[in-house]
Amino acid sequence: MIRILSTLLMLSLSLIASAATFRVQAPRQVIAGNTFQITYVLENADGEGFKQPDVPNCKLLYGPATSRSQSVSIVNGKRSSTSSIGYTFTYRAEKQGTVTVGSAKIVVDGKTLTTSAIKLEILPPDRSASSGSQQSVQAYDVNTQTSGKPIGSDEVFVRVVLSKPTVYEQEGVLSTMKLYSKYQISKFQALELPTYNDFLAEEVPVTLNGSFENYNGENYYVYVLKQVVLFPQKSGVLEVSSGTYELSVVQFDIINTAFGRMRTPVDRSLKIKSNSTKLNVKPLPSPRPADFIGAVGTGFKISSKLNNKAIRTNEASTLTLQLSGSGNLKSLSAPRYQFPSQFDLYDPQTKIDAKPSGNFLTGTVNVDYTFVPQSVGKFTIGGGTCSYFNVKTGKYESIPFEGKTVDVAKGSSSSTVKFGSEPMRDILPVFKGDLELSRSASIVLGSWYNWVYYLLLTLAFASVLFIYRKTVKERANVTLMKRKGANRVAGKRLKRAKMFMNKGKKEAFYEEMLTALWGYFSDKLSIPVSELNRDNISRELLDYGMTEDGVNRIIRILDECEFSRYARPADSEMPMADVYSQACDAIGEVESTKRPNKK
Amino acid sequence: MKRYIFLFAMILVSVAVFAQSAENRAIKAYDNKNYEEAINIYDSIVQSGNVSSRLFYNLGNAYYRAGDNGKAVWNYERALKLNPRNTEARENLEFVKTKLTERILPEENIIVVFFQELQDLMSPNGWAVTGMVAFALFIIGFATYSFCSGLGMRKLGFFGGIVMLLLCIFANVMSSKAGKRMTEMRYAIVLNDSTTLSTVSHHPTSTAEEAFSLHAGAKLEKLDSAKLDTETWYKVRTEDRREAWVDGSAIGHI
């Protein structure tokens, strides 16, 4: 039993264990003269025959250093474990340049796993560092980033990088805003966002990832803050500004203690002024073709499609023109079709679906022409040509878009039928009948007869109430109402009792009979059921004007019911039918007794 | 006595005949696309004091055909004021509004709109009569409660009576509101294009620097009025809730 369980446990564990992976961890950029590490990590397996690749331009200082780690996690009751072995090599970068580090190999269970090759950029060392000046700050050396050092404008700044220095009007250019810093950035906030006057800007989403970059002989941490594709709206020398920013950088306090030098990070905030870059915008060559649609870019194409299979009179059909390509898709004017005059036209609807890519917006512009033919026949929707400016060739290019021939069939004849959504084309006709003119509107509310009506009705009713006040009082008297209703209520109960009798349910019958009788006397004599007993029933009934004989009969029926309810069938002296008819008679007798007028 | 009655009847008939023939002449002029004449005839009927929702509707149509959208809107509004259930007038008003130079969209509160529509279900007199009938039913219900012996009937009379009393109160409130709307001259329509409104806060001036202009067809709510020289100026609120003063000659009262 235990063995089975442990097997199951092992099975479940092995199911959860992940597959073996082999990967490389290395920096993307290093600076010549600095040491760096490359680690090859094998996960969830034991390997043998590890072979590392050569790293050009670098000298192996130490390695491999092997490290092992194991982690177990239980999530929602599921246990998973990861083990990993790391082979770490320490190199020193010797010569600048971009090198490719090949794949490392390892054999796991007879299979060879390889890592993917990586590119490593070796940047030249800082010019200032090589000149031997001790004061200069180096991005890769924390020891130089001591607090109290003034932060120069060449140490933290924002730059605008344009993908091209010269463009045509309406031609897109990718503008990248980069933050260069010798220090690590701890906080960052835009005080004033860049404004793009004279441009149409299309934002490209960016992720804020830091990397090293060598700029003007110095190495910096570089963050891409913002990327936009800009479409200049006029020619000339235009300026692209970077905006102003507030940020905090990290400097280190170096304290000499008994245990050696300690570094404490210190935040230092500073403001960065706006930088700007000039962009030279050339006007589009003249003369422009007459059918120029304002599109500047490459690879524009036009296709068109009729969305309805059958075209009928008085039914809306749609012709869609699709313009696809790369360029200023958001600021061009779509080409126009020539529709025959027998067609009613709606305003064309334009849908733009474009994403920034490189220097352009790439995507499609869909223009829906909705038309309603008014007569039957063969019609031609005239096409034509349109032209755009190709920035690659620097010339205007013409694209034809063909017309469509449509057969219009007869649609629903009810051209006068108005749909809820269909807009009115004209006002409704004048009213030709009697205009029912009147001098002034007579208002009923507040007029004398309105008041008289309410007054009279109220008075009439009040007087009727007054005259018949005795009747009303009687009706309003709850006790009296109950007394009058007693017979009816009892009647209902007796009916139910009769039902039980017919079914032969003795106990239920007697219970119902008792409830009916007690309830009846309670209502009739205005005594609560809880206070009712034989004595006060007979007394009140005599008062009520009944004969002694009658009262005795009633008491006997009550006794009979109470006795028979718990007695065995054989014991009952009277059959149920007799009890029932006697009770009915008794109630009838009480009802027929005239109440003495004494109270 | 007999003679007077005869004379009175004669006058009534002649007025009716005059109005009848004027209506026909207006329709004829309208059909012949002679809209100016139709406007003149309808205007003379309005001047005579005899009005109706349908008359203003036809006048609005004639103004629209003649190209005066501001006055068309004004007359449709007047037609709707007399009879909020004049659906043709409402549809034409909506249509003409789409042709206006500018269109201010009023801020609409859904509850207010609901009560407005409820109020428009009946004319003020319709509501008043409803109230009267409801009151009679309330009396009947109360009588049933007082005089009937059956418990069911009494309950019906009691609760039915209460419902009817509430309905009576509600109908009278509605009647009062609808009647107020019909008789009050609370609103106005701008008749001329590019009418200048002065936005000086306390008094109107014709040469105010602080001013904005409205186009024909804009609806205004009148708040106050003041005499300036010989002209009456009105303090108004536009549908987008700006307050300003406007010259009385540039607006048509509803």
Side-chain angles (χ1 to χ4, degrees), chain A residues 418 420 422-478 480-489 492, chain B residues 16 19-20 23-24 26-27 30-31 38 42 45 48-55 57-62 64-65 72 82 86-89 91-92 94-96 98 123-129 131-132 135-136 138-139 142-143 145-149 151 154 168 172 175-176 178-179 182-183:
Chain A
K418 271 184 60 193
E422 195 190 347
M424 274 166 75
R425 293 180 190 288
D426 197 6
I427 54 170
L428 300 172
V430 286
F431 185 80
K432 293 199 173 168
D434 181 16
L435 294 180
E436 292 178 351
L437 297 174
S438 67
R439 191 141 273 280
S440 64
S442 59
I443 302 262
V444 173
L445 188 83
S447 62
W448 62 270
Y449 48 92
N450 190 238
W451 289 119
V452 166
Y453 170 83
Y454 280 107
L455 210 66
L456 273 185
L457 219 55
T458 314
L459 275 180
F461 183 63
S463 49
V464 167
L465 273 189
F466 185 75
I467 293 160
Y468 292 97
R469 63 184 186 279
K470 216 191 102 203
T471 324
V472 173
K473 211 171 167 189
E474 224 170 63
R475 304 285 169 190
N477 192 331
V478 179
L480 209 62
M481 279 301 288
K482 260 194 177 173
R483 204 170 280 171
K484 292 245 162 105
N487 185 27
R488 202 164 41 85
V489 177
K492 268 188 199 163
Chain B
Q20 197 63 44
E23 279 172 41
N24 289 338
I27 293 287
Y30 186 93
D31 284 344
Y42 281 133
I45 300 177
S48 75
N50 282 318
V51 291
S52 76
S53 183
R54 289 167 177 176
L55 171 69
Y57 167 76
N58 281 4
L59 186 53
N61 275 8
Y64 172 72
R65 288 272 184 250
L82 286 186
N86 189 338
T87 48
E88 285 99 344
E91 281 188 38
N92 280 3
E94 287 306 315
F95 176 74
V96 175
T98 62
S123 66
N125 288 355
W127 279 116
V129 170
M132 286 158 88
F135 190 73
F138 158 69
I139 296 288
F142 205 67
Y145 168 72
S146 306
F147 295 111
C148 271
S149 58
L151 196 65
R154 292 194 66 192
C168 170
N172 276 295
S175 173
S176 147
M182 217 164 118
T183 48

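Chain letters run A, B, ... following the sequence lines, proteins first, then strands; residues in each count from 1. Keep in mind it's a predicted model, so treat the numbers as computed, not measured. Keep in mind that the numbers below use all heavy atoms, side chains included, and drop hydrogens, waters and symmetry copies.
For chain B, the nearby parts of A/Tyr454 are the backbone and the side chain; heavy atoms of each come within less than 4.5 Å. Proximity to chain A is limited to the side chain of B/Ile27, based on heavy atoms less than 4.5 angstrom apart. Contact annotation for B/Ala72: neither backbone nor side-chain heavy atoms come within less than 4.5 Å of a heavy atom of chain A.
Atom-to-atom distance recorded for A/Phe461:CZ and B/Phe138:CZ is 7.5 Å, nearest 0.5 angstrom.
For B/Phe142, the CZ atom sits in a loose shell: 12 or fewer heavy atoms of surrounding residues, nucleotides or ligands are nearer than 6.0 Å. Heavy-atom neighbours of A/Tyr453 OH from other residues, nucleotides or ligands within 6.0 Å: above the threshold of 12.
Contacts with chain A were tallied for B/Glu88, B/Met132, B/Arg65; B/Met132 has the most, counting heavy-atom pairs under 4.5 Å. The candidate with the highest count of non-hydrogen atom pairs below 4.5 Å against chain B, out of A/Val464, A/Thr458, A/Val430, is A/Val430.
In this structure the side chain of B/Asp31 reaches within 4.5 angstrom of the side chain of A/Lys432, judged on heavy atoms. Counting heavy atoms from C-beta on, the side chains of A/Leu428 and B/Tyr57 come closer than 4.5 Å. Using a 4.5 Å cut-off on side-chain heavy atoms (C-beta onward), B/Phe147 and A/Leu465 make contact. Residues B/Glu23 and A/Asp434 have side chains in contact (heavy-atom distance under 4.5 Å, counting atoms from C-beta outward). With contacts defined as side-chain heavy-atom distances shorter than 4.5 Å, the pair A/Leu437/B/Val51 does not qualify. A heavy-atom distance below 4.5 Å is not found between the side chains of A/Phe431 and B/Asn61.
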